[in-house]
Participant: 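I have a structure here, written as structure tokens, and I will follow up with some questions on it.
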Amino acid sequence: MLAIDSLTLGYGGKVVVADASFTLAAGEIGSLLGPSGCGKSTLLRAIAGFERPLGGTVSMSGALLSTPETVVEPERRQIGMVFQDVALFPHLDVGRNIAFGLRGAAKAAQRRRVDELLALFGLAGYGERMPHSLSGGEQQRVALARAMAPKPALLLMDEAFSSLDAELRQTIVPEVRRILKHENMSAILVTHDHDEAFAMADQVGVMDAGRIHQWDEPYVLYHLPNSKFVAQFVGEGQLIQATAIDERRLRSVLGIHSVHAGHSIEPGRTVEILVRPDDIVHDHASEIMGEIVEISFRGSHYQYLTALENDERLLCIAESHHKHTAGDRVELLPKLEHLVVFDDAGVGTTYDSTLDTFLRTLSAKPFP
Ligand code: ADP
Ligand code: MG
């Protein structure tokens with residue numbers, strides 16, 4: 001549906017997005033995720049047709065829309081846009097706001113589409129309300145309904161939920177995802193919030209300093225990040241040291257990691273590996289001890305920050321009925337299925353591996 005190919009963008013000769021490439025299938029939701037100033041809005045505006053590329057192309061449904069030579073105007077792209085600051089027409093009621101992009105269609109068809117969207121957004125009966133009488137969340141729903149009304153091929157949302165409070169975001173983001181899926185509408189959400197990107201999107205591109213580090217499913221970004229930047233930006237976790245023993249195995253404080261297909265790390269070399277909080281659970285079966293440094297209650301579970309004997313730190317999940325306090329020593333059982341290894345340049349490689357760890361049932365430690 002959408003293909004971004006080696007797109008380079010800039011202002012006054014200064015490059016702010018370099019060599020961006022990704023594709024989005026019809027009905028799929030994407031997200032551009034990254035810190036402020038990394039080039040997300042610039043990339044979104046180029047997709048909408050407001051920026052001329054310095055290099056590369058934007059295509060939709062096989063048609064070239066942007067090249068350094070020609071840019072098809074935004075009005076001719078079948079694109080809807082929603083921004084952080086809601087800009088409803090203050091003098092039009094909700095129904096007329098939503099119908100704005102439907103001018104030209106028969107009145108009955110307009111009314112049907114407006115009623116359908118009001119129902120989808122939980123705003124049935126709101127058609128004659130004026131924008132100023134709505135809450136922030138209701139106004140943003142109307143803005144989304146207005147952008148979706150003409151059934152654009154692609155809906156672009158730039159920080160569309162960032163001005164809403166956290167609690168409201170938690171309900172509206174999955175709600176909008178359901179509506180987009182119901183409408184089978186492709187969409188891209190720009191955001192700096194990884195929870196929001198993960199809750200909304202099928203595919204997420206993690207950006208930093210004008211570069212897309214990785215474009216992948218949320219699960220892959222979280223568990224198989226291709227760079228230290230992605231690992232740190234999309235979730236919590238710790239980096240610990242692992243030393244290559246031979247061309248298949250590495251040793252860390254967690255035990256011996258056997259890489260099924262072998263690795264290319266020189267024996268004797270030490271690298272960093274990624275350990276997510278959910279890779280470690282508190283379980284008495286383990287012999288690995290950590291001292292709790294910090295406890296954070298997460299409702300369904302606790303997360304402990306623990307210090308190991310070699311001073312490395314690990315985050316660990318414990319069930320919420322467990323009662324421990326800082327300073328307690330607890331058993332840490334690793335549940336690592338993949339081994340994510342970072343080289344000195346911060347580039348990540350993921351290996352399928354098995355971990356032999358230190359269990360209480362073992363009488364002797366069978367490790368070299
Ligand atoms: P993000 O949306 O990720 O916060 P932007 O795409 O808005 O990032 O900005 C990326 C970079 O481009 C920033 O350094 C910003 O200052 C610069 N920039 C954005 N818009 C313009 C503009 N119209 N003219 C010049 N520089 C701009
Ligand atoms: Mg922006």
Side-chain angles (χ1 to χ4, degrees), residues 2-22 24 29-58 65-68 71-75 77 79-87 136 139-140 143-144 147 152 154-166 168-169 172-173 176 186-201 203-216 218 221 225-235 346:
L2 176 72
I4 306 299
D5 190 15
S6 307
L7 198 62
T8 297
L9 305 162
Y11 303 101
K14 185 172 158 260
V15 169
V16 301
V17 173
D19 200 23
S21 297
F22 66 87
L24 200 67
I29 304 173
S31 178
L32 294 168
L33 170 69
S36 172
C38 72
K40 306 179 296 292
S41 294
T42 301
L43 185 43
L44 203 71
R45 281 203 305 274
I47 295 168
F50 293 108
E51 306 288 343
R52 175 183 292 270
L54 299 173
T57 59
V58 176
L65 295 185
S66 299
T67 70
V71 176
V72 172
E73 310 88 273
E75 309 79 70
R77 291 190 175 211
I79 275 174
M81 286 194 87
V82 185
F83 301 93
Q84 176 169 356
D85 301 311
V86 186
Q139 290 189 26
Q140 194 56 286
L144 285 155
L154 180 65
L155 182 72
L156 303 177
M157 299 173 278
D158 193 346
E159 303 275 6
F161 308 101
S162 300
S163 61
L164 306 177
D165 64 59
L168 183 55
R169 268 206 316 266
I172 200 171
V173 169
V176 171
S186 308
I188 298 178
L189 171 68
V190 157
T191 178
H192 59 274
D193 181 320
H194 64 86
D195 288 329
E196 202 178 296
F198 284 6
M200 173 65 80
Q203 301 280 332
V204 177
V206 181
M207 290 184 71
D208 183 38
R211 225 161 56 74
I212 298 182
H213 277 248
Q214 191 170 1
W215 174 266
D216 252 317
L221 293 175
N226 72 2
S227 71
K228 235 190 242 189
F229 178 81
V230 172
Q232 283 164 351
F233 200 76
V234 305

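One-based numbering, in listed order, for ligands and for the atoms of each.
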Participant: Atom CD in Gln139, atom CG in Asp85: separation rounded to 0.5 Å?
Facilitator: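 Here the interatomic distance stands at 11.0 Å.
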
Participant: So, applying side-chain contact (heavy atoms from CB on, under 4.5 Å) with His192, which one of Ser36, Pro35, Ser162 is it?
Facilitator: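 Of all the options given, the one that passes is Ser162.
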
Participant: Using a cut-off of 2.8 Å, count how many protein N, O or S atoms are strictly closer to the Mg ion (ligand 2).
Facilitator: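 Protein heteroatoms (N, O, S) closer than 2.8 Å to the Mg ion (ligand 2) number 1.
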
Participant: Is there a side-chain contact between Pro225 and Asp216, using heavy atoms and a 4.5 Å cut-off?
Facilitator: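 No - every pair of side-chain heavy atoms lies 4.5 Å or more apart.
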
Participant: Below 4.0 Å from any atom of ligand 1, which residues have a heavy atom? Give them in chain and number order, please.
Facilitator: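 Around ligand 1, where the cutoff is 4.0 Å for heavy atoms, the contacting residues are Tyr11, Val16, Pro35, Ser36, Gly37, Cys38, Gly39, Lys40, Ser41, Thr42, Arg45.
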
Participant: Sequence neighbours excluded, which residues qualify as ring-ring contact (aromatic ring centres under 6.0 Å, His included) partners of Phe229?
Facilitator: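 Partners of Phe229 under the ring-ring contact (aromatic ring centres under 6.0 Å, His included) test: His213, Phe233.
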
Participant: Looking at residues at least two apart in the chain, or sitting in another chain, which of them share a salt bridge (charged side-chain N to carboxylate O under 4.0 Å, His left out) with Arg169?
Facilitator: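 Result, salt bridge (charged side-chain N to carboxylate O under 4.0 Å, His left out) vs Arg169: Asp193, Glu196.
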
Participant: Quick check: do Glu159 and Thr191 have side-chain heavy atoms less than 4.5 Å from each other?
Facilitator: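 Side-chain contact under 4.5 Å: yes.
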
Participant: Should Leu44 and Phe83 count as side-chain neighbours, where that means a heavy-atom distance under 4.5 Å?
Facilitator: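 Side chain of Leu44 against side chain of Phe83, heavy atoms only: no contact under 4.5 Å found.
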
Participant: Measure the shortest side-chain to side-chain distance between Leu154 and Leu24 over non-hydrogen atoms and say whether it is less than 4.5 angstrom.
Facilitator: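 Yes, at least one pair of side-chain atoms sits under 4.5 Å.
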
Participant: Hey, could you give me the CG/CG distance between Leu156 and Leu2, rounded to the nearest 0.5 Å?
Facilitator: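 The CG atom of Leu156 sits 8.5 Å away from the CG atom of Leu2.
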
